K.L.:
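This structure is in structure tokens; I'll ask about it shortly.
Along the sequence shown, the residues carry numbers beginning at 1. What you see is a predicted model; the values in this text were computed from it and never measured.
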Amino acid sequence: MTETFDAGDVTLHRLREYVWEIPRQGGMRVPGRVLASRSLLEQIADDKTLEQLQNTTHLPGVTDYALCMPDGHQGYGFPVGGVAGIDAENGCISPGAVGYDINCLPGDTDVSLSFGRRIPIRELESRFEGERAVVAGGDERTSSPIRLFTESEPKQVYEVTTVDGDTVRATADHPFATPDGMTELDEMEAGDTVLTSQFVGLPDERPEEFVLLDESDFTDQDSQLVAFLKRNDLLPLKSTDDAFARLLKLVGFHTGDGSFSGAQSWFYADPADLQRLREDIAALGFTPSRVYERERDHEIDGTAFSRTEYSVKVGAGGFKQLLVKLGAPAGRKAESEFTTPEYFDRLPDWQRALYMAAYFGAEMNAPAAQHDKNLYCPKVSQNRDTAVADAGEQFFQELAGALGEIGIETNGIERFDADSRDGVERLRLGIKNDSENLIRFFTTVGYRYNHEKQRKAALATQYLKRKEQNIERRERIAAEAATLADGGTPVSEIKGRFDINERFIERSIWSGRDGRARPSAAFPDYETFVEQKSVRDDYTVATEISSIEQDTEEQVYDIGVEHDAHNFIADGFVVSNCGVRMMKTNLTYDDLRGREEKLVDALFDAIPTGLGGGGVVQGDAPTVEAILERGVDWALEAGWAVERDLAHCEDEGRRPDADPDAVSQKAKDRGRNQLGSLGSGNHFLEVQRVTDIFDEATADAYGLTEEQVVVLIHCGSRGLGHQTCNDYLREIEQEHDELLAELPDKELAAAPAGSRLAEEYYAAMCACINFAWVNRQLIMHRTRQVFADVFDRPWESMEMELLYDVAHNIAKKEVHETSAGERELFVHRKGATRAFPPGHPEVPSAYRETGQPVIIPGSMGAGSYVLSGGENSLAETFGSTAHGAGRLMSRTQAKKEFWGGDVQEDLRDGQQVYVKASSGATIAEEAPGVYKDVDEVVRVSDALGIGDTVARTFPVCNIKG
């Protein structure tokens, strides 16, 4: 019987030792394969690695199988450690399978969460994994689990202001939603259009925890009902449960437009709104009916008419019991003494708003024009028999009190005899209709379960904001004009200073103004505005940017959501290549002892690290063009390399398919000031000593001996590579949207082989590879100079020679034998490394008999490995193997688990490893405990014959960004 491994919804089947397969199913074009021991599998069983591997198998042209290397872990779209060979003639090329970038917002930016809450993004750090962010999906507004939280070093922030007066602050590279897709901020200017969400909700506040219902409330009910409620986590029901938040909405709406018939619970609304009700009911574990439709005859004040009534029922008596026990009126509402639920006052503002917004969605009138530029006061009414009308008035008083606590003013409660029935009183509560009050109401409470009212509220909010902007501008001009006149400036000159009606200036100077200014005559009335504007189904509206201003430098944050739209709402705005080389020396560890601190300090001072600009070379435009086209050839010509460096670099340090013209100017500008810099994250420079030799013959060919000092450099193409990936992702998403619609994850956006974008992206990516090789070359050569200073001898005398340089995040055209015969493939390696075996023509001649050197960095406390390309790599993995140890935990979790200073001290005192970084947080993020066991990763690679173990190294000095 085949051995299996269950990882949630994914079951893997063991083909042979360390080879596990996800069989084809659904839209998978090929199986997925994971190369791992059982212990390594367990470390990815609970994240999205396997799901992302499955998604990869949907790419057109994917050949034989998609792979996850032993170090694999969750990434964006493609798992890190993923490899796929995709037909270069009939398949596609995917930037998302090569690399992806993260952009940032300041810590005080409010992120909209589920249930009408908002929270500063920095406060999500400790709780993001249990939260859901609001997503504007175009055809729907929904919420999605937050899967990623990032925190970056201080960056330049810009403030964006719209003509509506809304503002948000973000870094220049942060994408904003526009009618034409996502666009980064530094590609935008005043007058450009963005999408905003007018509803932002209320500040998040953890509710006081108390039990609303438990088994004692159902002692007279059938035991099966109690068991059902417990099974669906509805008993005990606590104030902090998501289920309670859903029930609050349902109770509020049912109080307005619901009824009970025996054990059945009925809701009445338009079909689309009933569908949202059905989703919440189903989320609680109950089964709602389909949407019913029937014609109803009515008569009001002698006028007869018919209308179509739509409804949904829930037949389960237990559902009715929940609603009634939580405050829904059980009998005829006009005869009932119901008020707000007895627990209402104990709830935080956002929970009370859920109840009220659902009730208002059922009962309150929609925004509408009173006359010209003013809106009616939104009102909610109810009938109560005279005997219980006091309870009705109390109900409205309690709603008014709750609204007042969040700054929303109401009119006095109206109470009068109903016209149609004796002994019945009509009660009415209205929201004061001054602009600021209505904006506060529509943006924080509004309506729920009523699409049309929500749509109109978005338009009304935008109209009122623009009206306020218009009035405030006129008031500023009036005040400035009066001040100028008081100072003796002639009226004629004052009139010329302002683009406004001259009569307005005269009245402001000579007559003064009583009260607020009115909107200008040219400002549109509400009905005209509504006719000209539209609201998307996700309740976003288009608006124009009025200004983009440079603000401060500050720490910035970002989140990632699971939803395919990959966006979230921030302050009301809708917003969403590396490698390694090793250099040998003839120094031994004894030569280095006693100089560790001097060396680490000198390296840190000489080699730029961290986010942002600064590099060994300050490049101009011609320099960047030459590097993109010629790679390490440029470095040789410029004196930053020697001939032997090219001979020991993958592709001799130059991709001939590179085209600098395929790289955007923005990407070039980002790279210009980063030539010869490490960057941040897991990029580093590490001085190591060789501790173990496992294959004497191959080690001898590589020039490695025990106790030898070597230098490992891990970094990439910096901002240039990230920008290029993002540029093409966005363009591919727009041009090849039909292909994108077939894929399960937008991050896998791909261009069909042979298409214009496929050719241009490949040329641009090759140019980025050239840039990355030069970046590492510059760092290596500067390291040679540092060693020369510290050891007081020429670097040549220390035989500081490049062992090998190999790219990690790359898609390369390679010819491989497949199940369909020999094919040219785009081999996508994301967080994986090429591992060609002995005899392969693309292995440098110096290593052709032994196989390509493979360098696998480990953590700062566990060491690294040098392997050689294994005999089985071409047949098993398209000539690939692992590229590192692979992360076990997120950076956020790492900073919770480890303190940078402690890690630094433990490494120095316990293992004689000297680490220096720009911040303690960086060291904590890269602590040894953050990574998988590199020994296990290498053991699997060696056992499968895809990478044969040659030598092991251990850190001595390490610098990080």
Side-chain angles (χ1 to χ4, degrees), residues 103-106 109 136 138 155-200 373 435 439 443 458-477 480 496-501 519-526 528-536 538-552 567-576 664-667 669-670 723 726-727 730-731 733-735:
N103 310 286
C104 306
L105 300 162
T109 306
K155 290 186 178 181
Q156 179 63 58
V157 171
Y158 298 82
E159 182 174 72
V160 182
T161 304
T162 71
V163 294
D164 303 331
D166 294 323
T167 62
V168 69
R169 297 185 307 136
T171 54
D173 53 0
H174 203 93
F176 283 74
T178 75
D180 299 321
M182 286 290 180
T183 301
E184 290 187 8
L185 179 57
D186 64 357
E187 295 178 2
M188 307 184 79
E189 59 187 22
D192 286 346
T193 301
V194 292
L195 298 177
T196 61
S197 168
Q198 298 301 301
F199 182 86
V200 295
K373 299 166 187 177
S435 294
I439 291 170
T443 59
L459 284 174
T461 303
Q462 188 175 35
Y463 178 79
L464 293 169
K465 285 179 177 179
R466 293 197 182 186
K467 177 182 168 183
E468 286 297 296
Q469 291 293 304
N470 184 275
I471 291 172
E472 289 173 9
R473 174 179 178 270
R474 288 165 66 81
E475 289 183 332
R476 284 196 304 271
I477 291 174
E480 290 176 27
R497 290 195 181 190
F498 301 103
D499 181 19
I500 200 166
N501 181 287
S520 64
F523 188 77
D525 62 60
Y526 178 65
T528 301
F529 179 85
V530 168
E531 289 174 3
Q532 296 171 346
K533 294 291 181 179
S534 62
V535 181
R536 302 202 318 171
D538 56 16
Y539 306 120
T540 58
V541 294
T543 189
E544 296 78 44
I545 294 174
S546 60
S547 67
I548 302 173
E549 301 290 341
Q550 183 170 313
D551 202 356
T552 59
N567 68 47
F568 59 97
I569 294 173
D571 281 346
F573 289 70
V574 184
V575 300
S576 180
S664 71
Q665 188 58 50
K666 180 178 178 181
D669 289 342
R670 290 185 69 179
Q723 184 62 49
N726 287 338
D727 288 342
R730 190 169 302 114
E731 195 170 351
E733 286 171 3
Q734 294 175 6
E735 186 159 327

K.L.:
For S534 and V541, which heavy atoms make the closest approach, and how far apart are they?
P.N.:
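So the minimum-distance heavy-atom pair works out to O-CG1, 4.0 Å.
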K.L.:
Please name all residues satisfying side-chain contact (heavy atoms from CB on, under 4.5 Å) with V163, sequence neighbours left out, ordered by chain then number.
P.N.:
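By the side-chain contact (heavy atoms from CB on, under 4.5 Å) rule, V163 matches R466, T543, E544, S546.
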K.L.:
How would you list, by chain and number, every residue that makes a side-chain contact (heavy atoms from CB on, under 4.5 Å) with A460, sequence neighbours excluded?
P.N.:
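A460 satisfies side-chain contact (heavy atoms from CB on, under 4.5 Å) with P367, L375, F442, Y526 once adjacent residues are dropped.
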K.L.:
For T540, is there any backbone N or O sitting under 3.5 Å from a side-chain donor or acceptor partner on D538?
P.N.:
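Yes, because the side chain of D538 sits within donor-acceptor range (under 3.5 Å) of the backbone of T540.
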K.L.:
D192: which residues meet the salt bridge (charged side-chain N to carboxylate O under 4.0 Å, His left out) condition with it, sequence neighbours left out?
P.N.:
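Residues passing salt bridge (charged side-chain N to carboxylate O under 4.0 Å, His left out) with D192: none at all.
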K.L.:
Ring pair (Phe, Tyr, Trp, His ring centres under 6.0 Å) with Y158: which residues, sequence neighbours excluded?
P.N.:
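Scan of Y158 (ring pair (Phe, Tyr, Trp, His ring centres under 6.0 Å), adjacent residues dropped) gives none.
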K.L.:
Excluding sequence neighbours, so at least two apart, what forms side-chain contact (heavy atoms from CB on, under 4.5 Å) with Q469?
P.N.:
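Q469 satisfies side-chain contact (heavy atoms from CB on, under 4.5 Å) with E472 once adjacent residues are dropped.
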K.L.:
On a heavy-atom basis, which atom in A570 and which in T109 lie closest, and how many Å separate them?
P.N.:
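It is CB-CG2, 3.6 Å.
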K.L.:
Once rounded to the nearest 0.5 Å, what's the spacing between atom OG1 of T167 and atom CG of D571?
P.N.:
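Interatomic distance, T167 OG1 to D571 CG, rounded to 0.5 Å: 6.5 Å.
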K.L.:
Can you find a heavy atom in the side chain of R497 that is under 4.5 Å from one in the side chain of E480?
P.N.:
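The answer is no; the side chains never approach within 4.5 Å.
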K.L.:
In Å and rounded to the nearest 0.5 Å, what is the CD1 to CD1 distance from I500 to I477?
P.N.:
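Atom-to-atom, I500:CD1 and I477:CD1 are 4.0 Å apart.
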K.L.:
Under the side chain to side chain donor-acceptor pair (under 3.5 Å) test, which residues partner S547, sequence neighbours left out?
P.N.:
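So S547 forms no side chain to side chain donor-acceptor pair (under 3.5 Å) with any residue.
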K.L.:
Kindly write out the residues that satisfy salt bridge (charged side-chain N to carboxylate O under 4.0 Å, His left out) with E475, not counting sequence neighbours, or none if the list is empty.
P.N.:
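Once residues adjacent in sequence are excluded, the partners of E475 under the salt bridge (charged side-chain N to carboxylate O under 4.0 Å, His left out) criterion are R516.
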K.L.:
Taking only residues two or more places apart in sequence or in another chain, which ones pass salt bridge (charged side-chain N to carboxylate O under 4.0 Å, His left out) with K373?
P.N.:
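None.
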K.L.:
Among all residues two or more places apart in sequence or in another chain, which pass the salt bridge (charged side-chain N to carboxylate O under 4.0 Å, His left out) test with R473?
P.N.:
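Salt bridge (charged side-chain N to carboxylate O under 4.0 Å, His left out) list for R473, sorted by chain: empty.
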K.L.:
Using 0.5 Å steps for rounding, measure from the CD1 atom of I545 to the OG1 atom of T161.
P.N.:
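One gets 9.5 Å once the value is rounded to the nearest 0.5 Å.
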K.L.:
Closest approach of Q156 and T552, non-hydrogen atoms and distance?
P.N.:
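Taking Q156 first and T552 second, the nearest heavy atoms are NE2-O, 3.3 Å.
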K.L.:
Can you name the side-chain contact (heavy atoms from CB on, under 4.5 Å) partners of S435, sequence neighbours left out?
P.N.:
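side-chain contact (heavy atoms from CB on, under 4.5 Å) check on S435 returns L464, K467, E468.
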K.L.:
Just by distance, do the side chain of T443 and the backbone of I439 share a donor-acceptor pair under 3.5 Å?
P.N.:
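Judged by distance alone, yes, a pair lies under 3.5 Å.
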K.L.:
Please answer whether the main-chain N or O of V168 pairs with a side-chain N or O of E159 as donor and acceptor at a distance below 3.5 Å.
P.N.:
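No, because the side chain of E159 does not come within donor-acceptor range (under 3.5 Å) of the backbone of V168.
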K.L.:
Do the side chain of Q462 and the main chain of A542 share a donor and acceptor less than 3.5 angstrom apart?
P.N.:
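It does hold such a pair.
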K.L.:
What are the two closest non-hydrogen atoms of V200 and G572, and how far apart are they?
P.N.:
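Between these two residues, the closest heavy atoms are CG1-CA, 4.0 Å.
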K.L.:
Quick check against the 3.5 Å criterion: does N470 have a side-chain atom that pairs as donor or acceptor with the backbone of P519?
P.N.:
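Absent.
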K.L.:
Which heavy atom in T178 sits nearest to a heavy atom in M188, and how many Å separate them?
P.N.:
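Closest pair (atom of T178, atom of M188, distance): CG2-CE, 3.7 Å.
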K.L.:
Can you list everything that forms a ring pair (Phe, Tyr, Trp, His ring centres under 6.0 Å) with F498? Sequence neighbours excluded, please.
P.N.:
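F498 satisfies ring pair (Phe, Tyr, Trp, His ring centres under 6.0 Å) with no other residue.
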K.L.:
List the atom of F176, the atom of L185, and the distance in Å for their closest heavy-atom pair.
P.N.:
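Shortest heavy-atom contact: CE1-CB, 4.0 Å.
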K.L.:
Taking only residues two or more places apart in sequence or in another chain, which ones pass side chain to side chain donor-acceptor pair (under 3.5 Å) with S197?
P.N.:
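With neighbours one apart ignored, the set is R141.
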